[in-house]
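Working notes, structure below.
Predicted, not measured: the structure shown is a model, and the values here were computed from it.
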Amino acid sequence: MEKNTFYITTPIYYPNDKLHIGHAFSTVMADSMCRYKRMRGYETYFLTGTDEHGQKIERAAKAVGKAPKQHVDDIAVGIKHLWKELMISNNDFIRTTEERHKKVVQKIFTHIYEQGDIYKSEYEGLYCTPCESFFAERQIGEGRVCPDCQRPVELVKEESYFFKMSRYQERLLKHIEDNPEFIQPISRRNEMINFIKSGLDDLCISRTTFSWGIPVPNNEKHVIYVWFDALTNYISALGYGTDNDDLYQKYWPADVHLMAKDIVRFHAVIWPTILMAAGLPLPKQIFGHGWLLLDTGKMSKSKGNVVDPLLLIEKYGVNSIRYFLLREIPAGADGYYSEEALVQRINMDLANDYGNLVSRTVAMVEKYFDAIVPAPICVGNYDNELLELAKTLPDEVANFMDKLDFSSALGAIWRLVGRANKYIDETMPWALAKDPEAKDRLGTVLYNLIESIRIVTVMITPVMPTLPGQIWKQLGINPTENENWTATSWGGTKPGQKVSKTQALFPRIDWKDMSNEMPKNSLPVSNEGSEVKVEISPLLTEEITIDDFAKLDLRVAEVITCEKVEKADKLLKLEVRIGEETRTIVAGVAKFYKPEEMVGKKVIVIANLKPVKLRGITSQGMILAASNGDDLELLSVTKDQLIGCRVK
Ligand code: MSP
């Protein structure tokens with residue numbers, strides 16, 4: 001019978017400094033995976049922790065004038081706090097300085113030593129302390145820097161214990177070749193195969209020139225190599241080799257060891273060979289995701305380009321940060337971080353696409369059905385396409401999530417969000433509402449929309465864990481009926497539910513307000529400070545009456561999408577929302593506004609202007625702007641609740 005358990009681990013982090021947003025990626029991904037597996041009915045176990053020994057930590061502690069234990073104690077508190085703020089639902093947090101861990105490391109060392117796979121000799125070679133990694137001369141270039149992090153390596157010459165890793169080379173290669181899923185994605189698998197084929201040396205697994213580590217049994221002059229120590233956390237946390245090894249029996253072998261690509265080598269070579277020597281089963285999968293990069297390269301403290309995740313959570317909220325990380329880093333590849341890209345994702349995907357869908361739909365159920373969800377009793381045009389997608393999508397999304405491809409999973413979910421928004425434009429509920437005969441049809445349209453929102457929300461639960469609570473409240477849905485993946489089936493919404501609109505789920509962010517700390521060159525060009533000669537046209541003398549003015553239907557409209565009009569330098573094509581209705585407007589403002597700056601603006605539209613065709617597009621209105629010919633600014637309001645209101 002297939003084992004219905006799922007064990008996932010993240011790397012355990014070096015507590016030598018604060019973690020940055022790049023570090024958070026593995027942990028957010030593992031957490032989302034675990035939440036997804038729980039929704040699928042798996043008994044899950046999720047482990048993370050801190051890797052507290054080694055020369056690097058010893059030096060870092062010395063640099064701040066602390067004893068190593070005090071130093072790691074202080075930083076581990078901050079790491080645990082960060083995971084809490086990021087809604088990480090780990091079952092255990094292991095620290096390698098804990099007794100439960102040390103005992104297991106020593107036990108495995110002794111076992112391998114006694115069977116003759118560990119011997120004492122002298123190590124003379126190169127060592128990268130930041131990576132805690134040994135290198136042979138042939139692996140180091142002329143610059144004598146670490147091939148991984150490019151920092152200088154140190155020459156090390158000391159008595160050491162060696163693990164006969166070379167003995168396991170062929171067995172490991174065969175295991176990788178026989179088990180295509182063992183190392184993923186495929187690019188990492190190929191890298192590892194090449195690396196192993198180039199020849200495995202025996203591995204130096206003890207050090208004598210510093211003391212911050214787990215002592216080698218019966219020879220306290222040596223401390224165990226920090227990677228041998230750290231990798232063992234994956235089983236020491238399960239109680240392996242102790243009187244209570246229930247968790248080990250239940251969860252080992254791990255389903256996934258998740259990490260960034262730079263540490264795949266340790267997991268795909270050192271760890272399996274240790275397990276082989278110890279006679280233990282190998283993990284089922286080692287998954288090496290890409291890095292989160294900045295335009296200045298990989299985020300790292302030494303480059304001074306780190307981004308503090310706590311600040312981002314405080315500024316933008318945990319759901320948005322988790323969404324951004326998983327949407328932005330494609331499976332196995334690198335992804336880019338910039339605060340502007342984050343704000344754009346929040347505005348476009350969350351506020352605009354998803355948030356608007358929810359608020360428009362709930363507002364229409366309130367307005368046309370006294371907030372009671374109607375029954376779907378009148379099938380009509382466009383239903384098929386929406387329902388077909390909603391019914392087939394959960395399997396497609398599950399397929400991506402099973403492969404840890406969250407970026408594609410979220411992309412697929414947003415296809416349904418987009419489809420539902422389009423369905424509103426196609427079915428035009430506001431027009432149906434004017435026809436008493438069309439009441440059942442209107443009810444069906446709104447039911448289909450509520451149901452689509454429900455399915456989308458169930459599917460994004462693993463990534464945005466606190467979002468569903470807010471949605472279920474608005475839709476009047478029972479949360480417990482929507483906790484499992486089976487709730488993605490069509491039909492879970494019950495007619496008769498009472499909806500209630502709350503404030504905007506993802507208020508739109510004005511990038512200009514948020515970007516004070518951004519480098520000047522990434523900001524939109526502004527004329528501020530320069531002397532602009534304004535030519536004011538003479539005031540009109542012809543008077544109009546208040547009735548003349550009342551003929552103008554001026555409305556507050558929200559810009560939902562905006563794009564350039566092809567082959568027309570000055571024109572932008574906008575989709576605007578006036579209440580529940582959407583309109584297309586072509587505006588000659590491309591010289592002054594980028595399309596992405598327009599989205600989310602609440603502009604003033606002349607709504608009853610006779611439509612005109614511009615470059616083949618029917619423009620159903622005009623937006624108001626102040627202009628002196630050289631400069632232009634759109635008239636706008638800031639309050640969401642004014643969308644659709646008349647301007648008088
Ligand atoms: N202590 C070791 C892991 C031992 S596991 C038995 C370690 N720690 S670390 O704190 O340096 O890194 C933890 C993880 O964060 C690693 O997978 C590392 O590659 C990852 N990342 C660090 N910077 C990153 C990005 N900018 N982007 C994505 N992941 C990043 O390595």
Side-chain angles (χ1 to χ4, degrees), residues 32 35-36 39-40 317 319-320 322-324 326-327 345-365 373 376 382-401 405-427 429 444-494 497 499 501-502 504-506 560-561:
S32 301
R35 288 176 185 271
Y36 160 70
M39 288 177 80
R40 303 232 47 161
N319 287 323
S320 304
R322 289 174 60 116
Y323 174 81
F324 173 80
L326 295 188
R327 184 77 177 87
R345 278 273 175 221
I346 296 174
N347 282 347
M348 305 283 262
D349 298 7
L350 302 181
N352 199 40
D353 297 346
Y354 178 77
N356 253 335
L357 174 64
V358 175
S359 67
R360 291 162 86 187
T361 305
V362 170
M364 288 191 281
V365 175
V373 175
Y382 313 107
D383 291 5
N384 246 347
E385 221 184 299
L386 177 73
L387 267 66
E388 189 58 27
L389 183 63
K391 286 177 183 174
T392 52
L393 203 64
D395 281 348
E396 192 187 329
V397 170
N399 204 12
F400 285 129
M401 288 195 181
D405 184 354
F406 283 94
S407 177
S408 301
L410 291 170
I413 296 171
W414 253 252
R415 280 201 342 257
L416 181 54
V417 174
R419 190 68 199 78
N421 274 318
K422 193 166 166 217
Y423 180 75
I424 299 184
D425 299 342
E426 289 164 344
T427 53
T444 306
V445 165
L446 294 182
Y447 178 91
N448 290 343
L449 287 169
I450 294 270
E451 184 55 359
S452 301
I453 293 169
R454 191 191 63 79
I455 291 174
V456 163
T457 307
V458 173
M459 290 193 288
I460 52 180
T461 304
V463 176
M464 296 198 264
T466 63
L467 182 65
Q470 302 169 46
I471 298 290
W472 303 150
K473 226 175 173 176
Q474 287 206 44
L475 301 189
I477 281 180
N478 179 353
T480 51
E481 285 168 11
N482 287 281
E483 283 170 353
N484 296 324
W485 197 258
T486 47
T488 54
S489 302
W490 185 266
T493 294
K494 295 189 185 78
Q497 284 167 203
V499 304
K501 201 166 177 206
T502 55
L505 292 164
F506 297 98
I560 297 173
T561 62

- Task: Examine the side chains of Tyr423 and Arg419 and answer whether a donor and an acceptor come within less than 3.5 Å of each other.
- Result: no
- When every non-hydrogen atom of Leu386 is compared with those of Ser452, the smallest separation belongs to CD2-OG, 3.6 Å
- Query: Looking at side-chain heavy atoms only, is the closest gap between Tyr447 and Val373 below 4.5 Å?
  - Reply: yes
- Do the non-hydrogen side-chain atoms of Arg35 and Thr461 ever get within less than 4.5 Å of each other? no
- Item | Val362 and Leu475, any side-chain heavy atoms less than 4.5 Å apart | yes
- Query: Within the side chain of Arg454, is there an N or O that forms a donor-acceptor pair under 3.5 Å with the backbone of Ala487?
  - Reply: yes
- Message: Nearest 0.5 Å, please: how far is CG in Leu410 from CG in Asp405?
- Response: 9.5 Å
- Query: Could you state the interatomic distance from OG1 (Thr392) to CH2 (Trp490), rounded to the nearest 0.5 Å?
  - Reply: 11.5 Å
- Message: Please report the interatomic distance NZ(Lys494) to CD(Glu451), rounded to the nearest 0.5 Å.
- Response: 10.5 Å
- Message: In the structure I gave you, are the side-chain heavy atoms of Val445 and Met364 within less than 4.5 Å of one another anywhere?
- Response: no
- Would you indicate whether the side-chain heavy atoms of Leu389 and Arg415 approach each other to under 4.5 Å? yes
- Query: Within the distance-only criterion (no hydrogens, no angle test), does the side chain of Ser407 pair as donor or acceptor with the backbone N or O of Arg327 below 3.5 angstrom?
  - Reply: yes
- Within the distance-only criterion (no hydrogens, no angle test), does the side chain of Asn448 pair as donor or acceptor with the backbone N or O of Asp383 below 3.5 angstrom? no
- Item | Check: Met459 and Ile455 side chains under 4.5 Å, non-hydrogen atoms | yes
- Quick check: does any side chain N or O of Asn352 sit under 3.5 Å from a backbone N or O of Ile560, one acting as donor and the other as acceptor? yes
- Query: Rounded to the nearest 0.5 Å, how far apart are CD of Gln470 and OG1 of Thr457?
  - Reply: 10.5 Å
- Message: Please find the pair of heavy atoms, one from Ser32 and one from Arg322, that lie closest to each other, and give the distance.
- Response: OG-NH2, 3.2 Å
- Is there side-chain contact between Glu481 and Ile477, with at least one heavy-atom pair below 4.5 Å? no
- Task: Drop me the distance from Met464's CE to Ser320's OG, to the nearest 0.5 angstrom.
- Result: 7.5 Å
- Taking every non-hydrogen atom, the tightest pair across Met39 and Val458: CE-O, 3.4 Å
- Item | Closest approach of Asn319 to Leu467 (non-hydrogen atoms, all atoms of both residues) | ND2-N, 3.5 Å
- Item | For Ile453 against Ile471, the heavy-atom pair lying closest together | CG2-CG2, 4.2 Å
- Does a sphere of radius 6.0 Å around CD in Glu388 hold more than 12 heavy atoms from other residues, nucleotides or ligands, not counting ones at 6.0 Å or beyond? no
- The reported gap from CG in Leu357 to CD1 in Ile424 (rounded to nearest 0.5 angstrom) is 5.5 Å
- Taking all heavy atoms of Phe506 and all of Ala351, pick out the closest pair and write down the distance. O-CB, 3.0 Å
- How are the rings of Trp414 and Tyr323 set to each other: parallel, tilted or perpendicular (split at 30° and 60°)? tilted
